[in-house]
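A short write-up of the structure that comes next.
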Protein chains: 2
Amino acid sequence: MESPSRDRILEAAQRVYAEHGFRGATTRRIAEAAGVNEVTLFRIFGGKEALLAAAIRPGAQRQDIVALPDEPADPEREMTAWVAANLAFLRERRSIIRKTMSEMEERPQFAACVREGPQYAREALGVYLAALRGHGWVDGDVDVRAVIAMLIGVVFSDAMGRELMPDHFPPLAAAPRSYARLFLRAIGLRERPPKRASKQENETSAADGRPPQVRPSNSR
Amino acid sequence: MESPSRDRILEAAQRVYAEHGFRGATTRRIAEAAGVNEVTLFRIFGGKEALLAAAIRPGAQRQDIVALPDEPADPEREMTAWVAANLAFLRERRSIIRKTMSEMEERPQFAACVREGPQYAREALGVYLAALRGHGWVDGDVDVRAVIAMLIGVVFSDAMGRELMPDHFPPLAAAPRSYARLFLRAIGLRERPPKRASKQENETSAADGRPPQVRPSNSR
DNA sequence: GTAGCAAGCAAGCACTCACTTGCGTGCCCG
DNA sequence: CGGGCACGCAAGTGAGTGCTTGCTTGCTAC
């Protein structure tokens, strides 16, 4: 069940599907892209639907993503690296994601492959944000779900729409830092730990750790 | 050139295209959806490509969007209304946008219809943000393009992905306010006009207008 | 009335699509 | 050597799919 051509077909099916979508990914095209006779494809997978389901299944092309540290030390740096990694990941898969989202009404089984990315990211961001909050660096009234959706949202829309509207986004190289900084500003992280109600002004400031810096714009 | 069936065909073509994409929008299906003989469709538009190009062309289903005021008075309220209107607009068109984005590599002519929405929104947000900045309510080191991309990004991804991952986003009714508030926090708008460098502390504060309030969480 | 025009209807054409059948062929393992 | 076994090749089938042709029908304007 682990024939050598099986993997070539799956990989070719992914490419062709990413380029042409479900209806455009004809069995002929896939077979040709895999350098395989069209009949082989039916013999191994039974049919087009099953073949593409196997090719697009969740985790089919998962790659390890940069992890956020358990203990935040330098939020801007850590968030920037994380955003850059996630942006790159989504950009690589942008074609296949667009096709799958476009067809999820007709073929909801395929949608899991686009769900898993954001879900993983959301969880990672959640624990990191909780850790930040544990340090008292986050404003108390922040809508956690909304701010996470906001960051993932801009990374997602950047990955999906940059080639369509290049001027809509910051330059690709600068974008991760920009998004990370805006995220940190939105949760209330400043050059000093947030002054909450009124007191504790100097209680948590320099006590439990070096306060992170977000403000300096030209820190490159 | 303004036959009565022409409009019915165009409207039907939009619906069928939004549901099935370009390849799935067969001339037979469109004709049936329009309650029109298939031949009529070819007589009027010449062919499938031209028909869909006319149906999907920019401005084909433009609707007036809530405008941002020239002079900001209550940013949270104004931004919330604006975000709600834009979110609703994108949600209505989500199917057609998904299909068009999925096929823009093969049919770039159609992509203009998805470009125009964000472009209009970006311009409106830009002038509003400039007005806010004119009041001294915005931090000086904010990356304007990034923060605009951030807001539009989360609205876009909400409209595209909410039905796929409902728990990823705040409840639909609460989302516009959440996004608007995060946007305002990201640009540095607080319950008091931002303290810039050191002086002008009380120069712009209560002079030229009532400072907007963003902080109170349970203000509903 | 009748000419013109928009639209319906039936049929068909060339082509693509997913999928099948039958058969040949090389290769590995006992 | 010989039997699976994976795969290639040629051909074909039925169902679409974009598009055309030829003809009829109803309505409106002169």
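The sequence lines fix the lettering, A, B, ..., with proteins before strands; numbering per chain opens at 1.
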Rounded distance (Å) that lies between atom [atom2] of [N] and atom [atom1] of [X]:
X	N	atom1	atom2	answer
A:F45	C:dC19	CZ	P	13 Å
A:R23	C:dC17	CZ	P	13 Å
B:R28	D:dC19	CZ	C1'	9 Å
A:L41	D:dA6	CG	P	16 Å
A:I30	C:dA18	CD1	P	8 Å
A:N37	C:dC19	CG	C1'	13 Å
B:F42	C:dG12	CZ	P	18 Å
A:K48	C:dT20	NZ	C1'	17 Å

Cation-aromatic face contact A:R107/A:F22, 6.0 Å, 45 degrees: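 Yes, a cation-pi geometry.
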Return no unless some side-chain N or O of [X] is found under 4.0 Å from OP1 or OP2 of [N].
X	N	result
B:T40	C:dG8	yes
A:S5	D:dC7	yes
A:T27	C:dA18	yes

Does the distance from a Lys or Arg side-chain N to an Asp or Glu carboxylate O, for [X] and [Y], drop under 4.0 Å?
X	Y	value
A:E163	A:R91	no
A:R185	B:D141	yes
B:K99	A:E103	no
B:E32	B:R28	no

Sugar-phosphate, base or nothing in reach of A:A25, heavy atoms under 4.0 Å: sugar-phosphate
So A:V36, base contact, sugar-phosphate only, or nothing? Heavy-atom distance under 4.0 Å.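 Sugar-phosphate, no base atom in range.
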Nearest heavy atom decides the nucleotide; on that basis, is B:V39 or A:R43 closer to the 5' end of DNA chain C?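 Between the two, 5'-proximity favours B:V39.
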Tell me if the side-chain of B:R29 makes a donor-acceptor pair with the base of D:dG16, cut-off 3.5 Å, by modelled atom types. no
